[in-house]
Structures are given as structure tokens and as C-alpha cells.
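Below is one structure, written out as C-alpha cells; comments come after it.
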Number of protein chains: 2
Amino acid sequence: MTEERSSREDLGTRLRDARKYCGFSQEEVARHLSVSRSAVSLMESGSRSVNAMELGRLARLYQRSMESLTGTVSSESGSESVGLLARATAELSERDRQEVLRFAEFLRSRSSTSD
Amino acid sequence: MTEERSSREDLGTRLRDARKYCGFSQEEVARHLSVSRSAVSLMESGSRSVNAMELGRLARLYQRSMESLTGTVSSESGSESVGLLARATAELSERDRQEVLRFAEFLRSRSSTSD
DNA sequence: CGATGGCGTCCGAAAATCAAACAAGATCGT
DNA sequence: ACGATCTTGTTTGATTTTCGGACGCCATCG
């Protein structure tokens with residue numbers, strides 16, 4: 001909950017910075033998103049969550065990538081293996097695929113440090 | 001409203017495709033997001049909105065960009081002028097900047113077709 | 001100094017979300 | 001083939017969030 005809150009606040013801060021950088025008022029942004037101005041204020045203070053579509057429109061309005069707004073790293077360098085695994089197992093039988101997935105699940109649960 | 005709904009369904013479909021491609025169950029994704037499994041099901045059917053943070057974590061889990069999940073185009077080719085404008089006005093006096101913004105606002109309200 | 005614009009915050013009403021529960025279909029192990 | 005297990009969709013009523021309007025505050029404008 002506290003964790004949730006802090007990253008929402010970070011997002012809010014970035015949103016506010018981006019908006020001010022572009023010279024928009026909350027009112028204008030509100031109209032752009034079809035929400036009330038107070039909603040925008042709450043978003044920027046982290047007291048209201050921003051949904052995916054709103055994030056998309058904001059990114060477009062502010063000329064920024066979504067990632068730069070949320071602060072998430074698009075792709076952690078270490079493992080691009082996920083897609084490849086899926087591709088590989090797609091050709092196996094339903095049975096064997098299940099095996100592989102089970103094993104992968106096992107590995108995931110074993111090393112719970114990373115995602 | 002109908003518009004809102006359809007793009008949420010699109011997002012849901014992409015989320016479901018991505019999840020299946022990676023071989024995850026809704027249960028696993030739910031744990032990853034710290035939500036109930038039913039929530040994931042509703043997300044994928046478009047009956048529940050996905051907030052920014054959830055979208056971020058999903059993008060990371062599925063090894064995809066947020067844009068590819070929401071289907072939004074990161075930057076519409078036509079106008080990269082917004083950032084530039086902001087940069088330019090940053091050096092003006094408070095007064096003059098207000099003038100410019102007022103003018104920009106006027107232009108925006110004039111041609112209400114685009115964003 | 002009055003007016004205006006931008007913003008934060010509070011409020012009750014309305015909507016969204018929650019998790020738990022059940023049903024259904026598929027696949028598994030034996 | 002049969003029961004066990006897994007995965008998913010859907011419903012339900014309680015809870016939480018969000019809504020937009022209103023108010024006050026502060027800065028700037030005229």
C-alpha cells in the first residue's frame with residue numbers, strides 16, 4: 001500500500017512536470033482527457049490512479065513515452081528469453097508444453113528475487 | 001463511452017494474447033500484480049480498467065512496451081512542436097510567456113479537430 | 001483594488017473494484 | 001474411463017474509488 005502510494009506519487013510528479021513543461025493548465029488537460037479538473041489535480045498528487053488509456057493520451061499530449069512517465073524500464077537486459085521460450089514450446093505437444101511450463105514455474109518460484 | 005469501451009477491450013485482448021504467448025496463467029499474473037485472479041480476467045475482457053502501474057508491471061512481465069499493449073502510437077509525426085515551444089518560451093519573461101500561451105490556447109480552441 | 005486564472009481540497013452521490021464462490025471446460029494421472 | 005486438478009468466466013454484495021461542483025487561497029492582471 002505504501003509502496004503503491006509512493007510510485008503513484010512519482011507518476012503524479014512526472015505528469016505535473018510534463019504538463020508544466022508543455023505549458024498546459026490542469027483545465028486544458030482535463031478537457032483533453034474528458035475528466036474534471038479536480039481529477040487531474042488528484043492524479044498529479046498521486047491521490048487518484050491513472051488508467052492505461054489516460055496514460056496513453058497524456059503521453060501523446062506531452063510528447064513523451066509512457067515509460068518515461070511511469071518511470072518503468074521498458075526491458076530489463078538480462079532476459080529476453082520469455083518470448084523465445086514461448087516460441088519454442090509452441091511447437092511441442094500440449095502435454096510436453098505443460099511439462100516445460102511446470103518446470104519454468106518451478107524455477108520461478110525457486111528464485112523469487114527477480115521477476 | 002462506446003469509444004472508451006472498445007479501446008479497453010482492445011487492450012484486454014492484447015494483454016490476454018501477451019500472457020498466453022508467455023505461457024502464464026491468470027493466477028500467476030494476478031500474484032505478480034497483487035490483485036485477485038478475477039481482476040485479471042476482467043482486465044482481459046475489458047470490464048475493468050488497467051491503471052498505469054499495472055500496465056507497467058505487465059509490460060515488464062510480458063517483455064513488451066506499454067505502447068504495444070495499449071496500441072497507442074508513441075509520437076504522431078505531425079507535431080513535435082510542443083516540446084520546442086515549451087523550450088522557447090522558457091526563456092521569455094513571465095509576462096510574455098503568458099502572452100504566447102494565450103495565443104497558443106487560442107489556436108488550439110480554433111482548430112478543435114486535432115489534439 | 002477588483003477581477004481573473006490556476007490550483008488544492010472537501011463533499012455527498014455515483015461508479016468501479018474487490019475477493020470469494022460457483023460453474024464449466026479442458027487436461028492430467030492412474 | 002474416471003476422478004482430480006487446472007484454468008478461466010461470471011456473479012454477488014460489501015468496500016473503495018472516483019466523480020464533478022464548490023469553496024478558499026494565492027498570484028497576476030487590468
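Chain identifiers are assigned alphabetically (A, B, ...) following the order of the sequence lines, protein sequences preceding nucleic acid strands; residue numbering begins at 1 within each chain. In what follows, every heavy atom counts, from backbone to side chain, and hydrogens, waters and symmetry copies are set aside.
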Next on the checklist: As a test of reading the structure: which of C:dA19, C:dT17, D:dT18 is closest to the side chain of B:S49, going by heavy atoms?
Outcome noted: C:dT17

Item to check | Minimum-distance nucleotide to B:S25 side chain [options: C:dT9, D:dT18, D:dT7] | outcome: D:dT7

Checklist entry - What nucleotide among D:dT8, C:dC18, D:dG21 has an atom nearest to a side-chain atom of A:S38? => result D:dG21

Checklist entry - How many Å lie between CG on A:L33 and C1' on D:dT18, as a whole number? => result 14 Å

Checklist entry - Can you tell me if the side-chain N/O atoms of B:S41 get under 4.0 Å from OP1 or OP2 in D:dG9? => result yes

Item to check | Euclidean distance, atom CZ of residue B:R31 to atom P of D:dC6 [Å, nearest integer] | outcome: 11 Å

Item to check | A:E67 side-chain N/O to B:S65 backbone N/O, donor-acceptor pair under 3.5 Å | outcome: no

Checklist outcome for this item: B:K20 NZ to D:dG9 C1', in whole Å, measures 12 Å

Checklist entry - Atom CD of A:E44 to atom P of C:dT9: distance rounded to whole Å? => result 12 Å

Next on the checklist: On a heavy-atom basis, which atom in A:Y62 and which in A:R19 lie closest, and how many Å separate them?
Outcome noted: OH-CB, 3.3 Å

Next on the checklist: Does this structure show an ion pair linking A:E28 with A:R37, if we count only N-O contacts that are shorter than 4.0 Å?
Outcome noted: no

Checklist entry - Between D:dC19, D:dG20, D:dT8, which nucleotide gets closest to the side-chain atoms of B:Q26? => result D:dT8

Item to check | Whole-Å gap separating P (D:dC6) and CZ (B:F24) | outcome: 18 Å

Checklist entry - Looking only at heavy atoms, what is the nearest atom pair of A:S7 and B:M53, with distance? => result OG-SD, 3.5 Å

Checklist outcome for this item: Per-helix bend value, the helix from C:dC1-D:dG30 to C:dT30-D:dA1, C1' rotation axes over five pairs per end, 10° rounding, shows 40°

Item to check | Closest listed nucleotide, where the reference is the side chain of B:R48 and the choices are C:dA19, C:dT17, D:dG20 | outcome: C:dT17

Item to check | DNA chain C: 5'-proximal contact among A:V40 and B:V50 (nearest heavy atom) | outcome: A:V40

Checklist entry - Roughly how many Å is it from CD in B:E27 to P in C:dA26, rounded to a whole number? => result 21 Å

Checklist outcome for this item: Of the candidates C:dC7, D:dC19, C:dA21, the side chain of B:R37 sits closest to C:dA21

Next on the checklist: Would the distance check show the side chain of A:T13 and the main-chain N or O of A:E9 forming a donor-acceptor pair, the cut-off being under 3.5 Å?
Outcome noted: yes

Checklist outcome for this item: From the candidates D:dT10, C:dT9, C:dT17, the one with an atom nearest any side-chain atom of B:L42 is D:dT10

Checklist entry - Of A:V29, A:T70, A:L69, A:V40, which meets side chain to side chain contact (heavy atoms under 4.5 Å, CB included) against A:L15? => result A:L69

Checklist entry - Over how many whole Å does the gap from B:L15 atom CG to D:dT8 atom P extend? => result 14 Å

Next on the checklist: Check whether A:R16 reaches the backbone of A:E44 with its side chain - one donor and one acceptor, N or O, closer than 3.5 Å.
Outcome noted: yes

Checklist entry - Which whole-number value in Å describes the distance from B:N51 CG to D:dT16 P? => result 17 Å

